[in-house]
Each structure stands twice: as C-alpha cells, then as structure tokens.
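Structure, as structure tokens:
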Amino acid sequence: VTKIAVLTSGGDAPGMNAAIRAVVRTGIYYGLEVYGVVRGYNGMIEDDIFKMDSRSVANIIQRGGTILKTARSKEFMSPEGRQKAYANLIKRGIDGLVVVGGNGSFTGALKLHEEFGLPCVGIPGTIDKDLYGTDFTIGFDTAVNTAVEAIDKIRDTADAHDRLFIVEVMGRDAGYIALHSGIATGAEHILIPEEDTSVEEVIAGLSEKEKRKKLVNLIVVAEGHKSGGANHIAEIVKQQLPNLDTKVTILGHLQRGGSPSCIDRLIASRMGYHAVESLLQGRHNVMVGILDNAMKYTPLEIAIREKQRFSDEWLKIVKILAS
Ligand code: F6P
C-alpha cells in the first residue's frame with residue numbers, strides 16, 4: 001500500500017474529524033500519499049477527491065461534524081456506481097481505503113474489496129454504538145453526554161411542575177443512548193428496541209407509582225422502540241392516565257453535533273492510527289475496534305452481520321433503581 005484514501009460515510013458523529021486527522025498524519029508519517037474523499041461514496045463516484053497533507057487536518061480535533069462531509073449514497077449500491085467510484089481511485093493509484101462509519105459504510109467497503117480486491121479498513125464511527133467487535137464507537141460518548149445534559153435540564157422543569165416528560169433519544173436499532181442516558185439521569189422507565197416492553201406495561205407501572213404517591217418525572221425512549229416513539233406513547237398515556245400532566249421532548253439531531261468528548265477524541269486517534277498500521281501490515285478488510293482496552297480486528301463481513309451482545313444486567317439495574 002502506497003496511496004490511501006479516507007472517507008466518512010453515513011450519519012456523522014463527533015470525533016470523526018479526530019479520526020481523519022489520525023489517518024492523515026499516520027499515513028504521512030509512514031511515507032504514504034493520503035487522499036480525502038468528500039461526501040462519502042458519493043464523492044468517490046463524482047471524483048471529489050483531493051490530496052491531503054498534515055496542514056489539511058490542523059485545528060480540527062475539537063470540531064464536531066466531519067470536514068470531509070458525509071452522505072448515504074444510493075448510487076454506490078449499484079455495480080455501475082461502484083465501477084465509476086473505483087475508476088476514480090485507480091486513476092490516482094490509490095491502493096488502500098479507510099472508511100469511518102457504521103454498518104452501511106462497511107458494506108460499501110466490503111463490496112469494493114469483493115469486486116476489485118481493494119484493501120479496506122473500517123473505523124467504527126456512529127453515535128448509536130451498535131457495532132459488533134468493539135466496546136467503543138466514535139461519537140457515542142459525546143452524544144450520550146449531550147443527551148444527559150439535556151435531560152437534566154428537562155428534569156428541572158418536570159420536577160417544578162410535577163409533570164411527566166417522555167424524552168425521545170436517537171437509536172434506530174440500538175438502545176444504548178437511551179439506556180445510558182436514562183440510567184445516568186434516573187429515568188423511571190427506559191424503552192429500547194432490544195427489549196419488548198409494551199406501552200401497557202409502562203402505563204401499569206405509572207399507575208402503580210401514582211397510587212404509591214411516587215412522583216414520576218421521566219421516561220426515556222429510543223426512537224427505534226416498537227411503540228413508535230415518544231409521541232405515540234404520550235397519546236396513550238394521556239388517554240389512560242388523564243391526571244398526569246404529560247409532555248414530550250424529542251432531542252433529535254442535537255445529539256449528533258458538538259465538540260467531541262475527550263474519550264471520543266482518544267479512541268478516534270487510536271483507531272485512526274491503527275487503521276493505517278493495519279493497511280500497512282496487510283491486515284485488510286477488517287474493522288478496527290477496542291475490546292477490553294486492546295485493539296481488536298474484526299473481519300468486515302462479521303462486523304456487518306453480528307449484533308453487539310446486549311447485557312440483561314443493565315435492564316435489571318434500571319428496574320431496581322427506578323422503583
Ligand atoms: O445512525 C445514527 C443516527 O443518528 C440514528 O440514531 C438515527 O436513526 C439516524 O442516524 C438519523 O439519520 P438521518 O440524520 O439521516 O436522519
């Protein structure tokens with residue numbers, strides 16, 4: 001490998017810039033040419049690729065978003081789109097690719113490997129923390145801290161008015177943001193896609209607490225929970241427990257922005273460095289991850305296929321602490 005490209009793809013995540021910086025500077029340290037691809041696989045198809053140097057990544061470690069921009073590319077899903085994209089890499093002699101993103105982004109990288117033999121390495125970058133083979137994904141720590149800060153503020157006003165707030169956080173298929181932010185803010189109920197809690201069970205819990213005169217302020221729900229989200233739950237709660245003063249807050253994309261936390265900057269720097277090392281050492285088509293504080297390399301097809309194991313212990317802790 002002598003010339004590598006780096007791109008960010010899928011939903012942005014705070015810390016992606018720190019990862020880009022690490023890839024560029026490690027590549028240059030080892031004498032590689034490093035290229036940036038703009039707007040993920042879309043930029044690869046449209047030939048929006050530029051050579052980067054140490055200076056191109058100055059003053060970005062503390063910034064949210066991604067200087068390379070990001071996209072979810074439809075065109076790249078077709079063989080013609082990928083052919084076009086690969087031709088743009090080849091004409092520059094690019095013989096290695098680092099992809100920062102989630103599941104969909106790794107699927108694209110795997111396709112490039114299968115169809116053209118391009119060596120690729122994935123770096124887990126998603127606020128959802130829904131990837132197998134790593135304890136950390138870039139952006140999760142920042143997003144969950146943003147959620148905690150917001151929910152703390154909601155709790156103040158909820159408490160002042162004796163209101164019930166149903167707060168919806170991000171997480172399409174994974175409930176980690178809901179679980180971590182819910183526990184950290186003392187939520188009475190936490191609803192996540194991994195668990196089958198029905199709205200009826202929540203209602204039963206709320207009315208039981210009402211009888212005990214326990215004030216209930218807070219339900220945290222992941223957007224991907226089977227109920228369909230905070231608004232749906234609120235409608236049912238209002239119908240069945242009209243005595244409660246129920247409000248909804250949807251945190252939304254607020255959770256995706258902001259300056260990355262120290263942890264996100266650290267893991268992004270470490271993963272970026274190891275992604276380049278991995279390409280140089282011939283460890284291709286893997287996702288670099290961190291498990292038990294050691295680097296772990298998971299084949300992309302496994303990282304895509306497997307689900308992160310969910311610990312039931314957390315759910316027990318939620319029930320005990322919220323009673
Ligand atoms: O995967 C990250 C994520 O923020 C999910 O939690 C959310 O469901 C999705 O992206 C939102 O995507 P978009 O920004 O395209 O609406």
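Atoms within each ligand, like the ligands themselves, are counted from 1 in listed order.
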Have a look at Lys129, Glu223, Arg72 and point out the one with the heavy atom closest to atom 12 (O) of ligand 1. Arg72

Considering only heavy atoms, does Ile127 approach ligand 1 within less than 4.0 Å through its side chain, its backbone, both, or neither? side chain

For ligand 1, the portion of Gln255 having any non-hydrogen atom under 4.0 Å away: neither

Do me a favour and list the nearest non-hydrogen protein atom to atom 5 (C) of ligand 1 with residue, atom name and distance? Asp128 OD2, 3.4 Å

Salt bridge Lys209-Glu188, side-chain N to carboxylate O under 4.0 Å: no

Check the orientation of Phe76 and Tyr41. Use parallel for under 30°, tilted for 30 to 60°, and perpendicular for over 60°. parallel

Does Gly171 have a non-hydrogen atom less than 4.0 Å from ligand 1? yes

Taking 4.0 angstrom as the limit, do Lys84 and Glu80 come out as a salt bridge? no

Using 4.0 Å as the upper bound for N to carboxylate O, is an ion pair formed by Glu46 and Arg39? yes

Tell me whether the rings of Trp314 and His180 are parallel (<30°), tilted (30 to 60°) or perpendicular (>60°). tilted

Assess whether a salt bridge exists between Lys307 and Glu194, defined as any Lys/Arg side-chain N lying under 4.0 Å from an Asp/Glu carboxylate O. no

of all protein heavy atoms, closest to atom 3 (C) of ligand 1 is Arg256 NH1, 3.5 Å

For atom 14 (O) of ligand 1, tell me which residue out of Met170, His253, Arg172 has the closest non-hydrogen atom. His253

